[in-house]
J.: 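For reference, the structure I am asking about is given below.
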Amino acid sequence: MLNHNKILVINAGSSSIKFQVFRIDETKHQPTFTILGKGLVERIGIKDSNFIIEVANGNDFTKHEVVQDIKDHVAGAQAVIAGLIKYQVIANFDDITRIGHRMVHGGQKFNSSMVIDKTVVSGIDSCIPLAPLHNPPALKGLSAFQKLIPHAHHVAVFDTSFHTTIPQEKFLYSVPYEWYTDHEVRRYGFHGISYRYILEKLAIVMNKPQTKVNAIVCHLGNGASICAIKDGKSYNTSMGLTPLDGLIMGSRSGIIDPSIHNYMCDVKKDATIASVTNDLNKASGLLGISQHSSDLRDVIAASEDKNHPKYIQSQLAIKMFVQRIANYIVQYANDLQNNIDALVFTAGIGENSFIIRDLIINEIKILTLKLVDSKNRDKYDDFLLISDKQSQFPIYKIKTNEEIIICQDTYNLLISI
Ligand code: AMP
C-alpha cells in the first residue's frame, strides 16, 4: 500500500502539458479526491512559452503565470514539478508516486485503463498510425515524467476505451471487410473519458445504477462529438477511425465525401494526400466556413455584427454546425428507440453557449424538446436541468471533468502496489 496521498494527472499535447494534482482522502467507504492545483505549460518549443498554475485556496484558485522558454516536453515536465513545489502543492519529487496520463487512441488493444509498462507503451506506440497527431505527444509527456520521477507508477487512460462496447454494425465502415480484419479500419470514437464522467454524474442525479442510464451526450468543444449511451454503455458515437469524423468542429471538417481527397489532389496545384488531410484537420470546420476563426465565440460575435467582413460566412458556419448536431441527435434518438433519460450538453461550447443550445433544440423538429430560457441562460456551471416539463426527455448542461476520471482510474489501478 502506498502512503502517499497525491495523484498527478497529465494531458500532454503537441505543444502543451495540462496538469492537475489531487489529494486522496481515504474514508472507510470510498476515497474522495480534492483538487490541490492545476495548470498548463503552453507553447512548448515555441518562443515565449507560458507556465500557468492555479493553486487551490478554499473554494477558489490563486493564479500564477510565468513566461519562460520551454524547449521540449522534458523541460515542460520540469517546469510543472518545479512550479508544484514552488507553490507548495507538493512538498518535493517524492511526493508524487502516481501519475495518470490521458491517452487519445488505444486502438483495439486497450478496452480499459492500464498500468503502464513496456508492453503498454509499445501498444500505444503501435496505435500512432491511428492517431498521428495525438499519441506521439502523449508518449513524449509520459517519457518526460518517467525520466524526471523514476520512482512513480503510471496509468494510461484512453479516450477510445469507453466505445469498445459499440456493436459491430455501428463500428464498421462499409468498406472491404479485410480493411477491418487486416488493418483495423473501424470506428473507434473519442472523448470517452468525458462521456464516462457525464454517465457517472447522470447516474447520481437520476438515482439509477449506471447500467440503467440511457442518454445522448453532446461533447461540444473545439473537438466535438456525440455519443448514444444505452444501458450505461457506448452504443454509437460520431467520431470514427480518427477524431476527424462526425460533427463540424473548430477546424475539423467532420463527415465529408471520401472522394474529396482524390479530387483535391487532382484539381489543386501542389495538393497531396497529406496537405488535404492537414486542411481537413486544421483549416476546415467553423474556421473553414467562417473564414476567420475556429473559436465559436469569435464566430458568434461576427455573426451578430452586420459590419463584420465575415458576417454572412459566420452565420453560415453556425447554421451548418447546429444542423449537423441536430441531425445526429435525431439519429441517436432513433438508435435508442426514444428510450432516453437525458440529453446532455457538455465541454466548452456545450456548457457555455446558451445560443448554440437554443439553436440546436429549435432545429430538431421531429422530437418534442423544450428549453426553459432562463435556465438555459443560467451561468451555474456544474450541473443544471435546462428543459421544460413538457420536453419529451430532460435536457441538462453538465460541466465535464475528465481529470477526475483519470485520477479515479489511477487510484483504482495502483491501489495494491
Ligand atoms: P473546449 O475545447 O472544450 O475547451 O471548448 C472550446 C470552445 O468552447 C471554443 O470554440 C470556445 O469558443 C467555446 N467557448 C468557451 N467558452 C464559451 C462561451 N462562454 N460562450 C461560447 N462559446 C464558448
J.: If only atom types and distance count, is the side chain of Ser391 paired as donor or acceptor with the main-chain N or O of Pro394 below 3.5 Å?
T.: no
J.: Ignoring hydrogens and geometry beyond distance, is a side-chain donor-acceptor pair present between Glu351 and Thr346 at under 3.5 Å?
T.: yes
J.: To the nearest 0.5 Å, what is the distance between OG1 on Thr160 and CG on Leu130?
T.: 9.0 Å
J.: Is the Lys NZ or Arg CZ of Lys38 less than 6.0 Å from the centre of Phe61's six-membered ring, within 45° of the axis?
T.: yes
J.: I want to know whether Phe345 and Tyr396 have ring centres closer than 6.0 Å.
T.: no
J.: Could you please spell out the steps behind the side-chain contact (heavy atoms from CB on, under 4.5 Å) verdict for Ile24 and Thr34?
T.: CA-CA 7 Å; Ile24 308 152; Thr34 309; over 6 Å; no
J.: Can you tell me how far the CE atom of Met239 sits from the CD1 atom of Ile255, to the nearest 0.5 Å?
T.: 12.0 Å
J.: List for me each residue that meets salt bridge (Lys or Arg N to Asp or Glu O under 4.0 Å) alongside Arg324, sequence neighbours excluded, and say none if there are none.
T.: none
J.: Answer whether the closest heavy-atom distance between the side chains of Val299 and Ser290 falls below 4.5 Å.
T.: yes
J.: Tell me the closest heavy-atom pair linking Ala77 and Ala144, and the distance in Å.
T.: CB-CB, 3.8 Å
J.: Less than 4.5 Å apart, side chain to side chain, heavy atoms only: is that true for Leu316 and Ile312?
T.: no
J.: Going through the distances and angles, do Thr237 and Tyr195 end up as a side-chain hydrogen bond (donor to acceptor under 3.5 Å, both in side chains)?
T.: CA-CA 11 Å; Thr237 196; Tyr195 292 130; 4.5 Å; no
J.: Can you check side-chain contact (heavy atoms from CB on, under 4.5 Å) on Leu142 and His154, steps first, answer last?
T.: CA-CA 8 Å; Leu142 167 66; His154 299 258; 3.6 Å; yes
J.: Are the charged groups of Asp382 and Lys201 less than 4.0 angstrom apart, N to O?
T.: yes
J.: Does atom CD (Gln88) have a neighbourhood of more than 12 heavy atoms from anything else shown, all under 6.0 Å?
T.: no
J.: Indicate yes or no: does Lys6 engage Asp95 in a salt bridge with an N to O separation below 4.0 Å.
T.: yes
J.: Does a side-chain heavy-atom distance below 4.5 Å link Asn334 with Val330?
T.: no
J.: Do you know which two heavy atoms are closest between Tyr328 and Gly246, and how far apart they sit?
T.: OH-CA, 3.4 Å
J.: Is the side chain of Ser387 donor-acceptor paired with the backbone N or O of Leu371 at a distance under 3.5 Å, no angle test?
T.: no
J.: Using 4.0 Å as the upper bound for N to carboxylate O, is an ion pair formed by Arg102 and Asp159?
T.: yes
J.: Between the main-chain N or O of Ser294 and the side-chain N or O of Ser251, is there a donor-acceptor pair closer than 3.5 Å?
T.: no
J.: To the nearest 0.5 Å, how far apart are OH in Tyr332 and CD1 in Ile229?
T.: 11.5 Å
J.: Could you tell me whether Arg196 and Asp409 have a side-chain N and a carboxylate O separated by less than 4.0 Å?
T.: yes
J.: Over all heavy atoms of both residues, which pair between Ala75 and Asp72 is shortest? Give the atoms and the distance, please.
T.: N-OD1, 2.9 Å
J.: Is the closest basic N to carboxylate O distance between Lys47 and Asp69 below 4.0 Å?
T.: no
J.: Does any donor atom in the side chain of His308 or Ser314 lie under 3.5 Å from an acceptor atom in the other side chain?
T.: no
J.: Got more than 12 heavy atoms from elsewhere within 6.0 Å of NZ, Lys170?
T.: yes
J.: So which heavy atom on Phe33 is nearest to which on Pro31, and how close?
T.: CZ-CG, 4.0 Å
J.: Can you find a heavy atom in the side chain of Cys265 that is under 4.5 Å from one in the side chain of His261?
T.: no
J.: Grab the two heavy atoms, one from Thr164 and one from Asn111, that are nearest each other, plus how far apart they are.
T.: OG1-CB, 3.4 Å
J.: Mind checking what makes side chain to side chain donor-acceptor pair (under 3.5 Å) contact with Thr400, not counting sequence neighbours?
T.: Ser194
J.: Decide if atom CD of Gln337 counts as having more than 12 heavy atoms of other residues, nucleotides or ligands within a radius under 6.0 Å.
T.: no
J.: For Asp295 and Ser293, which I'm curious about, is there any donor-acceptor pair between the side chains at under 3.5 Å?
T.: no
J.: Report the C-alpha separation of Tyr173 and Asp245 in whole Å, then their side-chain angles, then the decisive distance to 0.1 Å, and conclude whether the side-chain hydrogen bond (donor to acceptor under 3.5 Å, both in side chains) test is met.
T.: CA-CA 12 Å; Tyr173 291 107; Asp245 203 355; 3.0 Å; yes
J.: Any chance you could measure Arg357, atom CZ, to Ser353, atom OG, to the nearest 0.5 Å?
T.: 7.0 Å
J.: Do other residues, nucleotides or ligands put more than 12 heavy atoms under 6.0 Å from Lys208 NZ?
T.: yes
J.: Has Lys397 got a side-chain atom pairing as donor or acceptor with Tyr380's backbone, closer than 3.5 angstrom?
T.: yes
J.: Quiz question: by atom type and distance under 3.5 Å, do the side chains of Arg43 and Asn50 form a donor-acceptor pair?
T.: no
J.: Of His105, His163, His134, which is the lone residue that meets ring-ring contact (aromatic ring centres under 6.0 Å, His included) with Tyr188?
T.: His105
J.: Could you walk me through whether His73 and Ile17 satisfy the side-chain contact (heavy atoms from CB on, under 4.5 Å) test, starting with their C-alpha distance in whole Å, then the side-chain angles of each, then the deciding distance to 0.1 Å, before giving a yes or no?
T.: CA-CA 8 Å; His73 281 69; Ile17 300 176; 4.0 Å; yes
J.: Which residues pass the side chain to side chain donor-acceptor pair (under 3.5 Å) test with Lys109, not counting sequence neighbours?
T.: Ser126
J.: Distance only, no hydrogens: is a donor on one side chain within 3.5 Å (strictly under) of an acceptor on the other, for Thr97 and His151?
T.: no
J.: Could you check whether any side-chain N or O of Thr410 sits under 3.5 Å from a backbone N or O of Ile406, counting only pairs where one atom can act as donor and the other as acceptor?
T.: yes
J.: Go through the steps for Leu287 and His292 under the test side-chain contact (heavy atoms from CB on, under 4.5 Å), then give the verdict.
T.: CA-CA 6 Å; Leu287 171 62; His292 69 103; 6.0 Å; no
J.: For the residue pair Tyr87 and His64, is the inter-centroid distance of their aromatic rings smaller than 6.0 Å?
T.: yes
J.: As an exercise, state the distance from CG of Asp378 to CD1 of Ile386, rounded to the nearest 0.5 Å.
T.: 10.0 Å
J.: Can you tell me how far CD of Gln408 sits from CD of Glu403, rounded to the nearest 0.5 angstrom?
T.: 12.0 Å
J.: Check for a donor-acceptor pair, side chain of Ser284 on one end and backbone N or O of Asp279 on the other, with a separation under 3.5 Å.
T.: yes
J.: Grab the two heavy atoms, one from Cys227 and one from Ser234, that are nearest each other, plus how far apart they are.
T.: SG-OG, 3.6 Å
J.: Could you tell me whether Lys233 and Asp231 make a salt bridge, using a distance below 4.0 angstrom between a side-chain N and a carboxylate O?
T.: no
J.: Is a donor on one side and an acceptor on the other found under 3.5 Å between the side chain of Asn352 and the backbone of Gly348?
T.: yes
J.: Looking at Gln315 and Ser303, would you say the former's side chain and the latter's main chain have a donor-acceptor pair under 3.5 Å?
T.: yes
J.: Is a side-chain N or O of Gln313 found less than 3.5 angstrom from the main chain of Ile289, in a donor-acceptor match?
T.: yes
J.: Mark yes or no for whether Asn57, through its side chain, and Asp60, through its backbone, hold a donor-acceptor pair below 3.5 Å.
T.: no
J.: Is any side-chain heavy atom of Leu359 closer than 4.5 Å to a side-chain heavy atom of Phe321?
T.: no
J.: With the side chain counted from C-beta on, respond yes when Leu385 and Ile395 share a heavy-atom pair under 4.5 Å apart, and no when they do not.
T.: no
